[in-house]
Amino acid sequence: MISRRDFLQASVAAAALLGGGGWTRLMAQQGLTEAQLLDFETTGNVTIIHVTDIHAQLKPLWFREPEINLGVGMAAGKPPHVTGADFLKMFDLKPGTPEAYALTHVDFIELGKAYGRMGGLDRVATIVKAIRAARPEALLLDGGDTWTGSYVSEATKGQDMVDVMNLLAPDAMTAHWEFTLGRERVDELISALPFPFLGANIFDSEWDEPAYEPYKMFERGGVKIAVIGQAFPYMPIANPGWMFPGLSFGVREERVAELVAEVRGEGAELVVLLSHNGFDVDRKLAGQVEGIDVILTGHTHDALPEPVLVGNTMLIASGSNGKFVTRLDLDVREGAVKGFRHRLIPVFSDVIAPDPEMAALIDETRAPHEARLREVIGRTDSLLYRRGNFNGTWDDLICNALIEEREADLAFSPGFRWGPSLMPGDEITREDIHNATAMSYPAAYRVEMTGETIHTILEDVADNLFNPDPYYQQGGDMVRVGGMGYSIDVAKPMGARITDMTHLATGEAIDPARTYVVAGWASVNEGTEGPPIWEVVESHIARKGVVSVDPNKSVRVTGA
Amino acid sequence: MNLTRRGAIALAFGAGAATMLPLRTWAATNNAEELIAAFTGGAATTEGGVTIGAPEIAENGNTVPVDVSAEGATAILIVAAGNPNAGVAEITFGPLAARSAAATRVRLAGTQDLVAVARMADGSYARASRNVKVTIGGCGG
């Protein structure tokens, strides 16, 4: 691992080598134009375009980046575990600028008014076409979490996303949430894909054999490029394993090392890992496995304006929800990367013109559902967001809905990182509710748990986030708890992190021996019963008319 | 719904490992070190020379794949340091064995170390361990 100073020197050296330019200077200018956002001096002989974690978001959206994103162990204090003002300082960005708005939570509401929504796959298509115009052989790679996360993607079981992505024409993809459509459906969709679906770490659990294509060799710009796919390693643990029986995942570091050797043996001059490991897992992997030139990271939704270098491996973080597109130009000669130019292109939806062909296809896929999507259920007085380690107002609203509509003492909402934001004063449509809840195991359960069980669950989830060894982390954020406060010391070992659990309704300590009624959703267990979470949330918002969510001060964090 | 505590854990975030009791540690009372001492006859063990492979996080605590190998070993002992009964397997390799390696599956009561001890041809012993996490799971996203 290189120091921050070395990292800066490496970036500066690369920029000097390739002629300067980059994010800061361009974006600091007041008026944004499409030409500025797309400006890029084509460099070297290879171009990689990376998109990841789109979560079926086809239309421009608000997406507030995290305020709290703690790193532990070797990741402490390093990107992406730097947020807000510290992030701006680390990357020399000025508050109030478009890049500050795109990359941090600082002044999000005010800056949103100035710079507008981001994303939209029709805008992404414009960017991809522009890059392909400059470099026709550019390689477009999709890091997965593409096919699920919206009303229409659930209604069509991922077909809308497959159709739209086919028009964008990636050269390969890997996966995570895709498998929650069910293994049969995934295999059905894959069989019709015009590009490879890669997952080197997906094995048949009975025969311990590779279950999907591990890598694909490309020849672009005269360079032999190997793209190795790495699906989400903790699939059957973090998501319902019964939905994709017979498949085993895992980081499988030795397997990655073997494949790197194999593709080098086949003459690969550039080795790219198209990964859904999560940033910290990839950072560790880059230090353990020699010979990977570029890791296109995913899963943890981080957006970084510069590559992170680990030895000779470059880690790229391209954000989520269609908010960014990464362009990486590489100069590959004699089997080695001699230079690069990188840009995390922010997709400002009011600046980048929609691609008409893609816009038409998106509208076509939405048309049968448009009336239901647009129906206004209520309005919010508060900023609704999800992303952040501990709580977000969207999940607080979901927890309130679960407690009130399901008559529970406490509520659990999973620490998902997907789900766009809504601004204060925004109408809440049915589509907005589904954007925060759409999934294939949505049953809102209602069960009794003792205080001891609740503590056990919180400790378990906390260790999946704050275990000092990234290979023992699952990604995702801390489970959100409604109706209860607690303290967490992230530096402590498992079993000792969570203290001071308090029932907020009574102000009393949670009694380990007492039984509480807990409502939640997204259980990974087969046969979970209850109404879909979006119905619970919709009836709650409809009943309230206007919702207000106060800042959540009931989780006290130490040790970071 | 009729639920036990165990069922409630699994329902909330469960990976479906029905016998799993997180946080309960058996290590203080189990017989791992006794088994190792019996295997080595009390001889000292050194690090290196034996490898043990297992997933970092078990996909199913009831059946966790584990593989061991030690070039030139005549026997390898595998113990689960956190199970109520630590014994997993003792594999002996005859002179005709091409490799001193084996793979099996083990049921784990909770997060714990798996330990492999290899008896080398010269009578020395090598030891390696691997931490396997058994988790409720369910919140990655």
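Each chain gets a letter, A, B and so on, in the order the sequences are listed, and its residues count up from 1.
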### Message
Is it true that, when you exclude R99(B) itself, more than 12 heavy atoms of the residues, nucleotides or ligands shown sit nearer than 6.0 Å to its CZ?
### Response
no
### Task
Starting at CD of E56(B), measure out to CD of E253(A) and round the result to the nearest 0.5 Å.
7.5 Å
### Query
Side chain, backbone, both or neither: which part of Y472(A) has an atom under 4.5 Å from a heavy atom of chain B?
both
Taking only distance into account, with no hydrogens and no angle test, what donor-acceptor pairs under 3.5 Å do side-chain atoms of residues 64-75 of chain B form with protein atoms, sequence neighbours excluded?
residue	atom	partner	partner atom	Å
S69(B)	OG	T51(B)	OG1	2.9
T74(B)	OG1	R119(B)	O	3.2

### Message
If I take atom CD1 from residue I57(B) and atom CG from residue N464(A), how far apart are they, to the nearest 0.5 angstrom?
### Response
5.5 Å
### Task
Would you sort out whether N467(A) and K133(B) count as a side chain to side chain contact (heavy atoms under 4.5 Å, CB included), showing the intermediate values?
CA-CA 11 Å; N467(A) 191 301; K133(B) 182 167 161 179; 4.3 Å; yes
## Note on the structure
So, the part of P240(A) with a heavy atom under 4.5 Å from chain B: the answer is neither
### Query
If every non-hydrogen atom of E59(B) is compared with every non-hydrogen atom of S248(A), which pair is closest and at what distance?
OE1-OG, 3.0 Å
### Task
Any chance you could measure E459(A), atom CD, to T135(B), atom OG1, to the nearest 0.5 Å?
12.0 Å
### Message
I need the residue from L465(A), V251(A), D463(A) with the largest number of non-hydrogen atom pairs under 4.5 Å to chain B.
### Response
D463(A)
#### Entry: Verdict with supporting geometry, I136(B) and T456(A), side chain to side chain contact (heavy atoms under 4.5 Å, CB included)
CA-CA 9 Å; I136(B) 301 168; T456(A) 300; 4.2 Å; yes
### Query
Non-hydrogen atoms of chain B under 4.5 Å away: do they reach the side chain of T300(A), the backbone, both or neither?
neither
